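Single-structure report; data block below.
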Protein chains: 2
Amino acid sequence: MMSFDTDLRGLVGYNVKRANSSLLVGVGKVLKPFGLRRTTYSALSVIAQNAGIKQSDLAQVLAIERPNLVQILDELQKPGLIERTRDANDRRAYRLTATTAGIEKIAAAAKKLRAFDEHLTKGMAAEERAALIAALRRVEENGAEAWEGREIGQVSTT
Amino acid sequence: MMSFDTDLRGLVGYNVKRANSSLLVGVGKVLKPFGLRRTTYSALSVIAQNAGIKQSDLAQVLAIERPNLVQILDELQKPGLIERTRDANDRRAYRLTATTAGIEKIAAAAKKLRAFDEHLTKGMAAEERAALIAALRRVEENGAEAWEGREIGQVSTT
DNA sequence: TATTGTTATACTCTATAACTATA
DNA sequence: TATAGTTATAGAGTATAACAATA
């Protein structure tokens with residue numbers, strides 16, 4: 001007896017994709033009551049931990065293109081969760097800081113999201129969960145390396 | 001010394017998302033020469049392994065909504081990689097089969113994609129890679145369970 | 001010249017409602 | 001009535017080119 005997708009299920013990439021899709025709905029439901037999406041949550045989390053971070057640095061940390069960050073920050077600034085202030089030394093740049101409301105918001109949302117996230121590894125030992133995260137970061141690094149460098153698919157076909 | 005995203009990096013969900021994003025570009029580059037995308041590759045792979053599968057069953061296997069499958073199959077049918085034939089017993093349903101060209105296409109693409117996919121787990125032992133895939137499937141199951149059932153975030157806050 | 005933030009745009013993936021033809 | 005496939009549509013996420021202001 002064999003399932004319908006044995007070939008696909010042997011691929012790390014396919015299982016990452018399926019896990020991500022499966023996550024999306026739940027994360028959305030957790031964040032919705034806070035008026036946040038995945039991207040706005042991530043941005044607010046980093047800003048709260050790094051008061052005064054520049055937009056371009058934030059974009060790099062989150063691996064989001066600068067143009068795509070604009071709307072995300074607008075969405076956080078409008079309800080007063082963050083503030084954009086001009087840098088004194090470089091008047092091109094904005095410095096981002098979370099307001100008190102923003103810090104309270106991310107703390108409350110993080111509590112719920114962590115509970116959901118731990119539910120995702122239900123039945124796994126703490127070391128397994130840590131190993132999973134470590135492995136995912138390896139995949140992320142290897143994936144980035146693959147298209148930064150030379151051609152792909154030339155991986156020792158001899 | 002501490003990185004900018006320690007909170008986010010403690011979440012399995014965030015690392016899954018980052019790994020998936022990192023994968024996307026490379027997979028796209030590998031599949032492009034074959035005229036395939038991630039979704040068309042997945043569909044063709046399952047059809048090739050399951051001659052005569054119905055569209056609705058394929059949608060369920062791939063966890064894709066039926067409407068979204070239509071365009072994917074059009075994209076495979078136009079260049080003659082698959083065929084849609086009416087079911088004799090149920091004239092509402094289509095039976096999907098891969099053509100010879102489709103089977104050759106998926107075989108060639110799979111070879112390249114597997115090489116890339118193995119590159120993603122470079123430096124990991126075979127058991128680690130297998131454990132990663134198993135863990136991802138657990139995450140996928142737990143994620144689906146979370147939003148099928150009752151409220152989320154009520155996970156033993158006592 | 002190069003960089004910061006921005007606008008405009010486009011492509012992919014995903015999700016829902018409503019239609020048609022068959023059952 | 002229920003199901004299979006379809007159409008239309010809308011929301012996210014992601015990517016690139018080009019611009020104004022500033023360095």
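Just so it is clear, the model here is predicted, and its values are computed rather than measured. So you know, we letter chains A, B, ... as the sequences are listed, proteins then strands, and number each from 1.
For B:K54, taking side-chain heavy atoms from C-beta onward, the closest of the listed nucleotides D:dG5, C:dT6, D:dT6 is D:dG5. The side chain of A:D90 lies closest to D:dA23, out of D:dA12, D:dA23, D:dT16. The listed nucleotides are D:dT6, C:dT6, C:dA23; the one nearest the side chain of A:Y94 is C:dT6. Taking the side chain of A:V70 as heavy atoms from C-beta on, and the options C:dT4, C:dT6, D:dT6, the nearest nucleotide is C:dT6. Distance from the side chain of B:V25 is smallest for D:dA15 among the nucleotides C:dT4, C:dA15, D:dA15.
Remark: P of D:dG5 and CG of B:L76 are 15 Å apart, rounded to the nearest angstrom. A straight line from CZ of B:R86 to P of D:dG5 spans 8 Å, rounded to a whole angstrom. For A:E65 and C:dG5, the CD to C1' distance is 14 Å, given to the nearest whole Å. Nucleotide D:dT3 holds its C1' atom 15 Å from the CG atom of B:N89, rounded to whole Å. Between the CG atom of B:L24 and the P atom of D:dT16 there is a distance of 13 Å, given to the nearest Å. One can place CG of B:L62 at 16 Å from C1' of D:dG5, the figure rounded to the nearest angstrom. Taking atom CG on A:D57 and atom P on C:dT4, their separation rounds to 8 Å, with Å as the unit. Across the protein-nucleic acid pair, A:D74 atom CG and D:dA12 atom P stand 15 Å apart, rounded to whole Å.
Residues A:R18 and B:L136 are not in side-chain contact: their nearest non-hydrogen atoms beyond the backbone lie 4.5 Å or more apart.
Nearest-nucleotide positions on DNA chain D place A:T39 closer to the 5' end than the other of A:R66 and A:T39. Position along DNA chain D of the nearest nucleotide to A:D87 versus A:I64 favours A:I64 as the more 5'-ward residue.
One finds a salt bridge joining B:D74 and B:R84 here, because a Lys/Arg side-chain nitrogen approaches an Asp/Glu carboxylate oxygen to under 4.0 Å. For the pair A:E145 and B:K122, the salt-bridge criterion is met [side-chain N within less than 4.0 Å of a carboxylate O].
Judged by atom type and distance alone, B:R92 reaches the base of D:dT3 through a side-chain donor-acceptor pair under 3.5 Å. Under 3.5 Å, the side chain of A:N68 and the base of D:dA15 form at least one donor-acceptor pair of N or O atoms.
Both the sub-6.0 Å distance and the 45° axial angle are satisfied by A:R86 relative to the ring of A:Y94.
By the rule that hydrophobic residues join a cluster once side-chain heavy atoms approach within less than 4.5 Å of another member, B:I82 and B:I103 end up as members of separate clusters.
For A:Q55, a side-chain nitrogen or oxygen approaches OP1 or OP2 of C:dT6 to under 4.0 Å.
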